[in-house]
Amino acid sequence: MSKVNTVLGPIPTEELGVVAVHEHIGYGMPGSELDTEWWKSPEERYEETVPKLRRFREYGGGTFVDATGICNGRDIDHYRSLSAKTGVDIIACTGFVGGDTALPFFARASVDYLTEQFVHEITVGIAGTGARAGVIKVGVSRGGRMTDLDRRIYRAAARAAVTTGVPILTHLAIDPEPAVAIFAEEGLPLDRVLFGHADDGLNAPKTPHEWILSQGGRIGFDTFGYETELQDPPFWARPRRERLDHFVSLLDEGHVDRLLVSADANCSPLGWPGVKGHTVNYLFEDLIPDLRGAGVDEATIMRLLRDNPADFLTIQD
């Protein structure tokens, strides 16, 4: 039986339903808990998050992939409570958003140590909770080029993915050549890697989509909703129509099987105010209507939001 790891235990792949494949329950940089202005108490985070997940469920959402790495606010007990209360399956990740978000302890760690850490969180559990990670997160540090630590994390992630059968999500799809080389050296098929944030306004011009696709990788258009039309747009925002047209062009070129979509929303940002009004439910409230308006049929929409994520997330024996 094909399965995926959720925070409440493994479930059959066919139970995933519609998947938000790159989101955050609560993301913050290391040390953000010391922020006196924007840090939230557990009660405040819970109150802010439950309505968003309930709405996601009401719209037809089934599974929420939390792409919050080690050191960035993962709280597995919080996730488990939210999942039980809202009925949304939550998949937690191991790994790091990028080497520059790792605390110094991990920055000095060897590939072997990092591999052991990732495998443990996938096969035994995270921080003594027994909840197993279902994906591995890796990323390119600030500056747009993979650092030595990034490369160690990518190699450890590749080894853990080969060992456990779970897939890899990347933060950014820029400078992918070293990543692809590492994955090839470690024997990881590229269809087990989702190269994320390929659509944001800052990095899309630097992302070699066609080359990644030609190598067998998957592409994540997973910053839908971060638009320049917002009242106070973030620096990675992009015009709504420009992003949609770019995405539809890839569909028209026949890449539907390699594309996944998400909103990269933060249910309850930690140590920063977040982006007002942007939630995971952008997928239902805006993206699906936009896709329909662009002539994308229902079968393709379900492939993007249900079938492709299920294929990607299934643990490979």
Side-chain angles (χ1 to χ4, degrees), residues 4-7 21-30 64-76 79 90-127 129 131-142 146-176 178-180 182-183 185-186 188-190 192-197 217-218 220 222 260 262 264 266 270 309 312-313 315-316:
V4 297
N5 286 339
T6 78
V7 295
V21 77
H22 191 130
E23 305 291 330
H24 297 276
I25 294 294
Y27 176 86
M29 293 295 285
F64 182 110
V65 179
D66 181 82
T68 304
I70 300 167
C71 304
N72 290 126
R74 282 189 319 175
D75 188 337
I76 302 304
Y79 299 174
I90 297 174
I91 297 175
C93 76
T94 187
F96 300 89
V97 172
D100 55 346
T101 73
L103 293 171
F105 172 81
F106 292 105
R108 295 188 294 266
S110 67
V111 171
D112 287 345
Y113 180 88
L114 292 168
T115 303
E116 183 179 348
Q117 175 76 24
F118 300 160
V119 170
H120 180 89
E121 293 198 337
I122 295 163
T123 60
V124 178
I126 299 171
T129 63
R132 301 174 183 177
V135 294
I136 307 170
K137 184 70 177 287
V138 299
V140 178
S141 295
R142 288 173 182 81
M146 288 179 64
T147 65
D148 177 68
L149 177 55
D150 291 337
R151 291 170 187 262
R152 278 183 277 137
I153 292 171
Y154 271 70
R155 191 170 298 279
R159 292 179 183 179
V162 170
T163 299
T164 65
V166 306
I168 293 175
L169 288 168
T170 81
H171 171 75
L172 306 180
I174 57 176
D175 195 27
V180 169
I182 288 169
F183 295 145
E185 289 165 7
E186 298 298 336
L188 179 68
L190 274 193
R192 304 304 295 150
V193 182
L194 176 58
F195 290 85
H197 301 340
R218 300 176 189 258
D222 44 31
L260 289 91
S262 215
D264 192 32
N266 209 336
L270 305 176
F312 173 64
L313 293 165
I315 296 173
Q316 302 294 308

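Only this structure's heavy atoms are used, side chains among them; waters, hydrogens and symmetry mates stay out. Computed from a predicted model, the values in this text were never measured in an experiment.
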- Item | Point-to-point distance, once rounded to the nearest 0.5 Å, from CG of Asp222 to CG of Asp264 | 6.0 Å

- Check: Val65 and Leu169 side chains under 4.5 Å, non-hydrogen atoms: yes

- Under-4.0 Å salt bridge between Arg155 and Glu186: yes

- Nearest heavy-atom approach of Ala102 to Cys71 is CA-SG, 4.3 Å

- Message: Treating Arg159 as the side-chain partner and Glu116 as the backbone partner, does any N or O pair qualify as donor plus acceptor under 3.5 Å?
- Response: no

- Message: With side chain to side chain contact (heavy atoms under 4.5 Å, CB included) as the test, pick out the partner of Arg152 among Asp112, Leu114, Ile182, Thr115.
- Response: Leu114

- Task: Decide yes or no on side chain to side chain donor-acceptor pair (under 3.5 Å) for Thr68 and Asp66, but give the supporting numbers first.
- Result: CA-CA 6 Å; Thr68 304; Asp66 181 82; 3.2 Å; yes

- Hey, are Gln117 and Thr94 close enough side-chain-wise for a donor-acceptor pair under 3.5 Å? no

- Message: For the backbone of His22 and the side chain of Ser262, can you confirm whether one donor and one acceptor N or O come within less than 3.5 Å of each other?
- Response: yes

- Message: Is it the case that the ring center of Tyr113 lies less than 6.0 angstrom away from the ring center of Phe105?
- Response: yes

- Message: Is any side-chain heavy atom of Ile70 closer than 4.5 Å to one of Phe106?
- Response: yes

- Item | Phe195 versus Thr170, closest heavy-atom pair with distance | CA-OG1, 3.2 Å

- Item | Smallest separation among heavy atoms of Ile136 and Ala161, with atom names | CD1-N, 3.7 Å

- Item | Any donor-acceptor N or O pair under 3.5 Å, side chains Thr147, Asp150 | yes

- Task: Taking all non-hydrogen atoms of both residues into account, name the closest pair between Ser141 and Asp100 and its distance.
- Result: OG-N, 3.1 Å

- Query: Is Asn5 reaching over with its side chain to a backbone N or O of Ala133, donor-acceptor style, under 3.5 angstrom?
  - Reply: yes

- Message: Donor-acceptor check, side chain of Arg132 to backbone of Thr6, threshold 3.5 angstrom: yes or no?
- Response: no

- Distance-minimising heavy-atom pair for Gly134 and Pro167: O-CD, 3.5 Å

